[in-house]
Amino acid sequence: MDRLPKIALPAVFIIILLIILISKSAVTIGSGEAGVLYKTFGGGVVTDEPPLGEGFHLVAPWNRVYVYEVRQQELFEKMKVLSSNGLEIQIDASAWYQPVANELGNLHQNLGENYLDRVIKPAIRSAARSVVGRYTPEQLYSSKRDAIQDEIFAETKKILDKQNVQLNEVLVRDVTLPNTIKEAIERKLRQEQESLEYEFRLVTAKKEAEKVTIEAQGKADANRILSASLTDKILQDKGIDATLELSKSPNSKVVIVGSGDSGLPLILGNN
């Protein structure tokens, strides 16, 4: 019994040491994450091997693992930029991004864990300033929202592709102009709309007048052609045909041919 404590103490010490070593060696990578291994005595950041994937990993206790989220993330940005004529415009935008998983070691070595502030924010701000500077406030307010969104995305992506960051989308959520400029643009747009409506009414009225004129001209031409083609002989023949039709009526009694005006038949009836 006197010897038991002497044997137990080293064993307890060894067990405690093993627990400490295992706790420092065990690394669990969560869902949507990846780990960059840093070898203290082996060359630093490992860039020539894939990063550690999800799950449980054992590493040497003197090494370190830096865990990164590799899922798509979102950045919200409010930026004040200048339009083509020097007016200050506020843009609310968001960017969907994620680190390139296979290049995580290079990302960690070159930019570190704070890569969002070091490269993504400056890139999207630079692109926004460049793109918005090509347009007037009126274009930004009315018709060019989609265009500037696409151009900001393209210019930002061009920068981030070289930084081991994948840009998935840029969304321009709002464009805010100074109130005086906004009111002036809205007033101008209303005037243009009213002008278009007035022009439409003028065109409609003109077309209607042209239609009436064409119809009247057509009737006049038809009457002139008809008048030119009607001779006395044709009128007499038509009169005779009409008189004969009338003679078939049960109210007609006597038809005297050649007794009417211009030699047309004369019908004598009950009345």
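Residues: numbered from 1 along the sequence shown.
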Taking C-beta and beyond as the side chain, do [X] and [Y] meet within less than 4.5 Å on heavy atoms?
X	Y	value
N164	N110	yes
I91	D174	no
V165	V100	no
L160	Q166	no
V81	R129	yes
Y115	Y97	yes
Y135	S83	no
I29	V65	yes

Test item: side-chain donor near acceptor, [X] and [Y], under 3.5 Å:
X	Y	answer
T40	R64	no
Q163	D161	no
N106	E103	yes

Value for CD (E155) from CG (L167), rounded to nearest 0.5 Å, stands at 12.0 Å

Just by modelled atom types, is the [Y] backbone N or O under 3.5 Å from a matching donor or acceptor in the [X] side chain?
X	Y	value
E33	E69	no
Y68	E113	yes
E77	S94	no

Name the orientation class of the two ring planes belonging to Y38 and Y66 (parallel below 30°, tilted from 30 to 60°, perpendicular beyond 60°). perpendicular

Are I152 and I159 linked, directly or through intermediate hydrophobic residues, by side-chain heavy-atom contacts shorter than 4.5 Å (ILVMFWY only)? no

Between R134 and E151, is there a salt bridge with N-O shorter than 4.0 Å? yes

Is E74 salt-bridged to R173, going by a charged N under 4.0 Å from an acidic O? yes

